[in-house]
Each structure stands twice: as C-alpha cells, then as structure tokens.
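Take a look at the structure set out below.
Reminder, nothing fancy here: chain letters follow the sequence lines and each chain counts from 1.
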Amino acid sequence: MTDAPSSPSRFSPLDAVHRAAGASFTDFAGWQMPVRYSSDLAEHHTVRSAAGLFDLSHMAEFRVSGPDAGAFLDLALAGLLSATTIGQAKYSLLLTDEGGVVDDVVVYRLGDAEFLVVANASNREPVAAALEERRAGFDLVLVDESDETALIAVQGPASREILTRTEGFEAPGLDELRYYRSTPATFRGEPVLLARTGYTGEDGYELYVAPAHAEALWTALAAAGTPLGLVPAGLASRDTLRLEAGMPLYGHELSLETQPVQAGLGRVPALTKESFVGRDALLAGPPEGAPVLVGLVAEGRRAARAGYEVYPIDGGADAPPAGLVTSGALSPTLGHPIALAYVDPRLAAEGTEVTVDIRGTRLAFRTTTLPFYRRKKD
Amino acid sequence: MPENTELRYTAEHEWVLVEGSVATIGITAYAAAQLGDIVYLDLPDAGTEVAGGSIVGEIESTKSVGELFAPVDGTVVEKNEAVESSPELVNSDPLGEGWLLKVEFTELPELLSFDEYSALIGG
C-alpha cells in the first residue's frame, strides 16, 4: 500500500483545481489524474443519485476531416462510420489484421466531412500510428488534438439540469440532445463540443474544450451543480461505475489478443462492409474454444479481482483454471461482488456455477448477463 | 497527517497501543487513506495464535487488498466485530473505533515511535 509515487510525466489542465480540492492522485497512462477526492464510494453513489464531475483530459482525440474522412474511417475502424449522421456518436473498434483490438473508441460525426475519434490515453500512440498507416491514398487531414483538448464529464441524473444552470454555458441543442448525440455549444463564447455520452451507465454529458478554458468551465459547472448535489469524482469511482454498467476497459477486457466477439462486442464490427482492417480475421472467427467474456456475481463481500483464476465447480481440486477475472469489485450500488471474466465457453451459459480463487480460498460465483446495473429510464 | 503520539507503530502502517500485556492493533490514518474506502475485513478470531510479522488478516478497499500483519507474538483475545460489519469505521476513525485486534503478548518487540513513523511516511 506504499507504492512510491511514479514520476509524473503529464498533468491535466485542471491539475491545480484538483490539488486545491484535496484530491488523491494516481498515475494513469503517464498522467497524474485524480483517483478520488474524498471517498470513492461516496463519489460512486453520488453519480448514481445526483451527479459527478470528472476530469478526462488524459483521453486522446484525433480530428479527421476531408472528402474521404468517412471512407477512411470505414477502412480503419470496424464500424460503418460513413453511415452516421451529423451529430451522431458511435462506439467503435480499431482492430489489427488479426482481429485483435488496438483500442475501443467513440467517434463523433461533426460535419459531412469531419469526425472526432476519441481514444484511450494509454493507446494514443498505437491509435495514432494505425490511423497514420491506414490513411494512405485518402484525401483528408488527420490531426492529433489530444494536447489541445480538455475533457470534462458531467454524469448522473442531475446532469442536464446542471448544464442548464451553468453560467456562461450556451447550448441551443441541449434540450433536444439525445443519447449518443453531440451538439456545438459555447462557454463564454469559446467553442465546446457537448456530447451526451459517458462511461458510467448513467445519463450524462461530456464536454470537449480547449485547455485554456477548462478550469473556468469546471468551476462554473461545479458552482451550478453543487446545490444539486454534484461532487467531483475520481477515476476510482469511474472504474466501479463502468464495471457495474458492464462496459469493457481496454487492457482488462479488450486487448490485441481478443476478438470483439469474445468480449460480447460482436455487433460493433460491420461485417457487411466490403473491407476494413481485421475483417478477414473476424470472418474466420477466434479459435475453437477461445474464452468468452461473462459477468460473475457472488454473495458476501469478497471481491474477485483482476488476475484471479476461475474454476469449474465440478473439476476437482486439481483441475486447471477455466478462466481469468479481468475486472472485479464489491459493487457499491448492488452491495455484492461483481466481476468480468474470460472463461471457457462451456462455462459461459447464464447461471453456471463456478468458483474463483480469491487469494487461496475458492469462493462460489455464478455467471450472469450484462450489465450488472441498468439505470431506470425517465 | 497527525498520528497519536501515545501509540507505537510498525513499518507495515499499523499502530499498537500497549496496556499491560494486551496490545490493541489497528492501521494508521495514513494507511486507511492510502487504501481508500474499506469494504471488507478478514480478522482472526479470538483464541488464534499469531506470530509477529506474519499475515493474519486482510483489509480490502474498493480498489485494493491490504494485508494485516501481527506486530507481536501472542494470542488474539478479541477482534473488533463492529468493523467487520461496518468497515467504514476504519476510514472514519482508524485510531479509535476502527481498531482491529487485541492480542495478549508475552514479549514486546521493538516498535517505531511516532517520530520514526512520521519520518517513514514522509510526514
């Protein structure tokens, strides 16, 4: 519990605000980001009941513009991006020729010939390299805007009301903005891309803004939101929130070695497209018996964590493991352990009883459908 | 972070309060803050023989698992059942209501003073 702080290499444009708020920090993909402000459990519950304010400025953004932008993304990514409408957001995957996942991304269509691709901070370089390599022959401009883009998320049922009350924030399209749509907005006259997207399983918004205006926007959002219960929330709560929502995290559920179908993302690639990187491998499919992602739940309070082995219940004491936990926690909302695990397909049927080796003790879990938590739609 | 100067400490971020032949043991405020919200504790039952320096229990937070070391050789005379049912007490009052074990010992090993522990955590 006393890991020496690793040498920080990158700081968010909101770093001073977080330090003033007394945040604890963690090294995340080379960035010093807030892991919690006071209590990650309290932050988690507040996002479910009111709203949380997240700094996601470490995320990577790539702008793709030009006549061939849509055709390029159709080749470079697994989804059919050219078919999106202006203002639409789409979850997609960047694959290798072998069908493995380089990264999972959200693509915003901003114009007829303009897209913003948002990637994980840890994958900025591989995504940049893959996009650069795949652009040959296309008429477009590809710009890595990660250093010129701050990202603030407001997540939770009070989010819309908070945006409405935020002084200096103008978004004519806010009231009509549907889930997975974006709209241009301004903060004190400066451009903001407002998107109704997120990674918490709650209704909420993500605001892309130039770093120079991030602190003023954060402060204005906090001022408007505090009376409505808004609290700043760190990456620890973001992780338990996304886990409850059954959302994969790159490096845990997604990797170069896993095909989308194994992660339950078989519907993300548009196999109807004639050509995209990884298509042949997806058509061939993963090897027979390749592990598949399942949800696991248990009674009690002991979490199965990443790296713990999953065993068949009838395998006997010497049976080899039949799966591996990739993410796990005691679910703050549900009050019992939840986990994501890659298991032998024979254990994947819903309700299959298994055990997980929790530091030497085999505890009973059973497989379940995802997500673990689904918000009530209003 | 202030720690009670009456207490003795270990390099494993535990505090020890010695009263006669019984040592009350908990984790420091620093350790509780580092772990984050504690959600589960596995403590040895009364009657368990423990060896100083050995792992005798677990402290789980939402994000990580910490090990509880016995700072002394001895026998557990009481575990704090209140923290097993309300682990958040360890975060809210690590030096008080968040105590973990009482161990009857025969010999007290060398433990850290408040100043030595403060230096260890860079305080």
Side-chain angles (χ1 to χ4, degrees), chain A residues 1-5 22-28 34-46 233-244 249 252 298-308 325 327-339 357-361 363, chain B residues 1-3 9-15 26-44 54-69 81-94 98 100 112 116-123:
Chain A
M1 67 180 75
T2 55
D3 295 348
S24 306
F25 290 82
T26 186
D27 181 271
F28 189 84
V35 64
R36 71 179 66 83
Y37 294 83
S38 54
S39 150
D40 39 76
L41 278 179
E43 290 160 24
H44 179 112
H45 291 306
T46 304
L235 293 182
S237 61
R238 182 168 153 90
D239 191 43
T240 47
L241 288 159
R242 71 91 195 167
L243 177 60
E244 287 183 346
L249 173 62
H252 287 248
E299 312 285 319
R301 298 181 67 81
R302 299 190 76 183
R305 296 173 187 272
Y308 293 5
V325 173
S327 296
L330 175 66
S331 165
T333 306
L334 304 170
H336 60 71
I338 60 172
D357 185 334
I358 297 184
R359 301 182 299 285
T361 308
L363 292 183
Chain B
M1 189 163 296
E3 302 280 359
Y9 297 86
T10 74
E12 283 81 33
H13 305 283
E14 292 167 14
W15 56 263
I27 66 168
T28 64
Y30 174 82
Q34 290 292 306
L35 278 166
D37 288 316
I38 292 161
V39 293
Y40 177 81
L41 290 127
D42 184 25
L43 302 175
S54 66
I55 296 165
V56 296
E58 289 181 342
I59 307 160
E60 280 199 53
S61 69
T62 47
K63 295 303 288 177
S64 59
V65 182
E67 287 158 337
L68 179 67
F69 293 85
E81 289 177 3
V83 299
E84 286 191 320
S85 52
S86 302
E88 66 275 10
L89 288 173
V90 181
N91 291 109
S92 60
D93 192 8
L100 303 179
L112 303 177
E116 287 167 330
Y117 180 68
S118 296
L120 181 75
I121 61 173

Just wondering, are more than 12 heavy atoms of other shown residues or ligands nearer than 6.0 Å to CD in A:E299?
no
Looking at A:S39 and B:D37, what are the two nearest heavy atoms and their distance?
OG-OD2, 2.7 Å
Please check: side-chain N/O of A:R302 versus main-chain N/O of B:Y40, any donor-acceptor pairing under 3.5 Å?
no
Out of A:A303, A:A42, A:G300, A:P332, return the one with the most heavy atom pairs under 4.5 angstrom to chain B.
A:A303
I need the B:E58 CD to A:T361 OG1 distance, nearest 0.5 Å.
7.5 Å
A:L41 versus chain B, heavy atoms under 4.5 Å apart: side chain, backbone, both or neither?
both
Using salt bridge (Lys or Arg N to Asp or Glu O under 4.0 Å) as the criterion, list what pairs up with B:E60, not counting sequence neighbours.
A:R305, A:R359
Under a 4.5 Å heavy-atom cut-off, does chain A meet the side chain of B:T62, its backbone, both or neither?
both
Taking atom CG of B:L41 and atom CZ of A:R301, what is their separation to the nearest 0.5 Å?
9.5 Å
Please determine, among A:A236, A:A329, A:S24, A:G328, the option with the most heavy-atom pairs under 4.5 Å with chain B.
A:A236
Chain A heavy atoms under 4.5 Å from B:E88: which part of the residue, side chain, backbone, both or neither?
neither
Sort A:R36 into side chain, backbone, both or neither according to what part of it lies under 4.5 angstrom from a heavy atom of chain B.
side chain
Considering residues at least two apart in sequence or located in another chain, which fulfil the ring-ring contact (aromatic ring centres under 6.0 Å, His included) criterion with A:Y37?
A:H18
